[in-house]
Amino acid sequence: MSLRPSSSVIRHACIVIAALGIPALASGTVMRHLKLVRSFPAADAVLVESPEKITIELSEAVELTGAKLTLAKQGGAPIALGALRREPTAPKVLRADVTTALSAGGYVVSWRTMSKDGHVVKGTFGFRVGAAK
């Protein structure tokens, strides 16, 4: 007795896989996830002076609804930023002004937004102001 699937079972499985996979390919959603493209300051950057703004560029246009950008001194409390906004000419870029000069030391930026398909996407990166440690 053979335990190999019959050719009709294999053919049926291929049709089902193709039917499920082709619409996803046509819509461009396969393996496409919202992600951080670049930031300012860049991750692990060492800045000579305090930045005037924090920006993140994402791989897709983002909505402000539910978006959040926070800055904190490493191991410390959050630091107030200006209102989060989208750059008018760059819908993939979120920006918040740094409203007080940052002292020398390490900082952590945390960001959170939602992709077009409703998935929450978030991340963190750090940078330093002043001399490298």
Side-chain angles (χ1 to χ4, degrees):
M1 174 182 240
S2 174
L3 294 178
R4 293 177 58 192
S6 69
S7 61
S8 64
V9 170
I10 293 171
R11 187 172 38 250
H12 182 70
C14 288
I15 291 169
V16 169
I17 290 169
L20 294 173
I22 289 173
L25 286 171
S27 70
T29 59
V30 172
M31 299 301 287
R32 184 175 168 195
H33 299 286
L34 179 69
K35 63 182 179 186
L36 181 66
V37 174
R38 69 181 59 96
S39 65
F40 177 81
D44 302 321
V46 178
L47 306 177
V48 175
E49 57 188 32
S50 177
E52 294 180 2
K53 63 184 176 183
I54 305 289
T55 61
I56 59 170
E57 180 180 345
L58 300 158
S59 58
E60 299 175 13
V62 294
E63 295 298 323
L64 284 175
T65 306
K68 189 172 185 178
L69 187 66
T70 59
L71 173 66
K73 185 114 180 182
Q74 263 180 340
I79 298 166
L81 295 172
L84 183 62
R85 62 187 186 275
R86 244 184 2 192
E87 289 288 348
T89 58
K92 297 178 184 179
V93 177
L94 293 176
R95 171 187 176 160
D97 292 334
V98 177
T99 56
T100 59
L102 303 178
S103 61
Y107 293 87
V108 176
V109 174
S110 298
W111 59 272
R112 178 181 189 230
T113 190
M114 192 178 304
S115 65
K116 290 179 189 176
D117 62 5
H119 287 99
V120 173
V121 183
K122 58 187 175 179
T124 61
F125 61 91
F127 68 93
R128 291 191 61 77
V129 173
K133 197 171 187 182

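Any value given below was found using the heavy atoms of this structure, including those in side chains, with hydrogens, waters and symmetry copies removed.
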**Message:** Looking at every non-hydrogen atom in both residues, tell me the closest pair between Ala42 and Phe127 and how far apart they are.
**Reply:**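 That closest heavy-atom pairing would be O-CB, 4.0 Å.
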**Message:** Does any part of the side chain of Ile54, heavy atoms only, come nearer than 4.5 Å to the side chain of Pro41, both counted from C-beta?
**Reply:** yes
**Prompt:** In Å, rounded to the nearest 0.5 Å, how long is the span from CG of Leu81 to CG of Asp97?
**Reply:** 8.5 Å
**Prompt:** Nearest 0.5 Å, what's the NZ-CD1 distance between Lys73 and Ile79?
**Reply:** 7.0 Å
**Message:** Using a 3.5 Å distance criterion without hydrogens, assess whether the side chain of Ser59 forms a donor-acceptor pair with backbone atoms of Lys35.
**Reply:** yes
**Cluster check Val93, Phe125: I/L/V/M/F/W/Y, side chain < 4.5 angstrom** =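 Cluster IDs for Val93 and Phe125 differ.
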**Asked** Got a second to check how far Thr113's OG1 is from Lys92's NZ, nearest 0.5 Å?
**Response**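 Those atoms lie 13.5 Å apart.
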**Message:** Can you list everything that forms a salt bridge (Lys or Arg N to Asp or Glu O under 4.0 Å) with Arg38? Sequence neighbours excluded, please.
**Reply:**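 Partners of Arg38 under the salt bridge (Lys or Arg N to Asp or Glu O under 4.0 Å) test: Glu57.
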**Asked** Which distance, rounded to the nearest 0.5 Å, do you find between the CZ of Arg95 and the CG of Leu69?
**Response** 11.5 Å
**Message:** To check you understand the geometry: which heavy-atom pair defines the closest contact between Val62 and Arg86, and what is its length?
**Reply:** O-NH1, 2.6 Å
**Item:** Least distance between heavy atoms, Ser50 atom then Thr100 atom
**Value:**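 Here Ser50 and Thr100 meet closest at OG-O, 4.2 Å.
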**Message:** So for atom CD, which belongs to Glu87, do other residues, nucleotides or ligands contribute more than 12 heavy atoms lying within a distance under 6.0 Å?
**Reply:** yes
**Request:** Hey, could you give me the CG/OG1 distance between Leu36 and Thr124, rounded to the nearest 0.5 Å?
**Result:** 10.0 Å
**Message:** Membership question, hydrophobic clusters at under 4.5 Å side-chain separation (ILVMFWY): are Val98 and Leu94 in the same one?
**Reply:** yes
**Prompt:** Hey, any chance Phe40 and Leu58 share a hydrophobic cluster, counting ILVMFWY side chains that come within less than 4.5 Å of each other, even indirectly?
**Reply:**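 Not linked; separate clusters.
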**Prompt:** Just how far is it from atom CG of Leu34 to atom NE2 of His119, taken to the nearest 0.5 Å?
**Reply:** 11.5 Å
**Message:** For a quick test of reading the model, state the closest non-hydrogen atom pair linking Gly82 to Thr99 and the distance between them.
**Reply:** N-CG2, 3.6 Å
**Val109 side chain near Thr70 side chain, heavy-atom distance below 4.5 Å** =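 No. Closest side-chain heavy atoms not under 4.5 Å.
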**Request:** Flag the pair Trp111 / Ser39 as yes when at least one side-chain heavy-atom distance between them is below 4.5 Å, and no otherwise.
**Result:** no
**Item:** Test item: Leu71 and Leu102 side chains (from C-beta on) under 4.5 Å apart, heavy atoms
**Value:**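 The answer is yes, as the side chains (C-beta and beyond) meet within the 4.5 Å cut-off.
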**Message:** Is it the case that atom CZ in Arg112 sees more than 12 heavy atoms from other parts of the structure closer than 6.0 Å?
**Reply:**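 It does not: Arg112 CZ has 12 such atoms or fewer within range.
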